There are 2 protein chains.
Amino acid sequence: MIESIGKARLSDIVADRLKQYIVDEGLSPGDRLPTEGQLAASFGISRLSLREATKSLGFLGIVEARPGRGLTVGSIKMDRVTRVIGFHPDLLNADPVSLIGTRVVIETGVLPHVARRMREDPSIRERLLSTNAELESADNLTRFVELDIRFHRLLIESSGLTPLIAFADVLTVFFRRFRESVKKAEWSAGIQAHNQIVEALHEGRIDAASELLRTHIESHAKRIPSNKADKRET
Amino acid sequence: MIESIGKARLSDIVADRLKQYIVDEGLSPGDRLPTEGQLAASFGISRLSLREATKSLGFLGIVEARPGRGLTVGSIKMDRVTRVIGFHPDLLNADPVSLIGTRVVIETGVLPHVARRMREDPSIRERLLSTNAELESADNLTRFVELDIRFHRLLIESSGLTPLIAFADVLTVFFRRFRESVKKAEWSAGIQAHNQIVEALHEGRIDAASELLRTHIESHAKRIPSNKADKRET
DNA sequence: ATTGGCAGATTGTCAGATAAACTTGATTCA
DNA sequence: TGAATCAAGTTTATCTGACAATCTGCCAAT
């Protein structure tokens, strides 16, 4: 309600007007919009104020701007919308236990899909194993983390459930500090777990793969200072 | 892919940096941010370029700006996200199979956590049943959809895995048109499914609850024109 | 203790400008 | 004749400098 007292900003008004223009004209992704100069003149405002509006819409991909070409109607991509979700309070305030639990839900949840697609497309297994082989030769933490992220992302990608890829990418940002606290002595256990997960999937042992993956992700809980890991009851 | 060729705009870079700052500083809604002038100086850019970033974030409620006071952390307004992108043709093109599959992964994935917490906190069940009772007296589609969203969100909230709430909010934006295509004759089946899920959880029958929930969510596939529902193999 | 005024701080918006990227048309070359 | 190259014009990206509107804190008056 505090919000409704506030005076509307030009940029907000203009953004809404632009959106309405797109709707009214029945425009589709790729269609040209008037130039910044023309729009600013139509609205009777400065070009910079107009840009504040177009940038707002551009943040979600609704409008795209290219020098020399102008403004076009953009396209909505789940990953772009999801990028915004990193500001969601439920993520910003997430405690480590929730982050771990969330990863477990997503990553074990995709395993039936991965296993099915692995049978149809053997290159999935090759790619996972190949990434893991790279992990084995990682010689510094940055590289190890990068490849660990790649392995897990590839696992989710292999499910075909693209929204979950975007979600996992967001989690990666918040989860990074846990990955970076992994001791070198623990790398080989992680790499071994990856291999075991892939083999269990390959053999269609989905429950076993889930259990391995859950244990692998939950291993991060051991390194959380002043935290009581929430024991899972089954 | 067109997007990745394009040079990153200052405003996009800065928006991401601001996000990282908010995360790194552990800031909550209402907390003060550095002023526009200070941020511009820190990033070594002009104040107007900095404003393009803050306006983008402000459009969605993530940052709030008040003359004389400065910038504060806001919270993302998902209803605004819905309003802004809800018109877009790309929402009509969102892949139903992925959306349904993703919802199934997330919502069935939280059930063990919900069941556990239900035993500790009986008000969870009361709240779910109460929302479903409201669903029973919904007399128009808008209300029905709103309450259906609320029921499913409450289910995820009840797990305590807060990041999944954020992700579910994104899915809700893309999934809305499917909910809105539910015929009134089908409402009671949905409401009944909700009740059965809650009771199965209450009785600790997690596998049964998962199956009911999966079936409930996948029921949307039946209404999707020109789509072949991907049969799940178990 | 409360209210009003003022100065300083901060955002909102503008004008004018240059740099970078893109498009189009003309010219040259094989 | 078709393809490649180049120059000019167009458009966005970003900047400097400036003024207007709003807010906050402090001080004086009641």
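The chains referred to below are lettered A, B, ... by the order of the sequence lines, with proteins before strands, and numbering in each begins at 1. Computed from a predicted model, the values in this text were never measured in an experiment.
Residue B:Ser49 places at least one side-chain N or O closer than 4.0 Å to OP1 or OP2 of D:dC15. Neither OP1 nor OP2 of C:dA21 sits under 4.0 Å from any side-chain N or O of A:Arg66. Within the 4.0 Å cut-off from OP1 or OP2 of C:dG12, at least one side-chain nitrogen or oxygen of B:Arg51 is found.
For the pair B:Leu71 CG and C:dG12 C1', the interatomic distance rounds to 12 Å; values are reported in whole Å. Counting to the nearest Å, the P atom of C:dG12 and the CZ atom of A:Phe43 are 19 Å from each other. In this structure, the CD atom of A:Glu64 is 11 Å from the P atom of D:dA13, given to the nearest Å. In this entry the distance linking CG of B:Leu10 with C1' of C:dA19 reads 13 Å, nearest Å. With rounding to whole Å, A:Glu36 atom CD is found 11 Å from D:dT14 atom P.
When each of A:Ile124, A:Leu111, A:Leu213 is checked for a side chain to side chain contact (heavy atoms under 4.5 Å, CB included) with A:Leu201, only A:Leu111 meets the rule.
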Which atom pairs link the protein and nucleotides 15-18 of chain C when you take only N or O atoms and keep those under 3.5 Å?
none

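Side chains of B:Lys55 and A:Ser11: a donor-acceptor N/O pair is present below 3.5 angstrom, by distance only.
By the 6.0 Å and 45° rule, A:Arg17 does not stack over the aromatic ring of A:Phe43. Taking the centre and axis of the six-membered ring of A:Phe167, the NZ or CZ atom of A:Arg103 falls outside the cone set by 45° and 6.0 Å.
Nearest-nucleotide positions on DNA chain C place A:Gly44 closer to the 5' end than the other of A:Gly44 and A:Gly68. In terms of position on DNA chain D, the residue among A:Arg69 and A:Lys55 whose nearest nucleotide sits closer to the 5' end is A:Arg69.
Using a cutoff of 4.0 Å between basic side-chain nitrogens and carboxylate oxygens, A:Asp169 and A:Arg83 are not scored as salt-bridged. Comment: A:Glu134 engages A:Arg150 in a salt bridge, judged by a side-chain N to carboxylate O separation of less than 4.0 angstrom. Using a 4.0 Å cut-off between charged side-chain N and carboxylate O, A:Arg143 and A:Glu146 make a salt bridge.
Here the nucleotide nearest the side chain of A:Glu52, chosen from C:dT13, C:dT10, D:dT14, is C:dT13.
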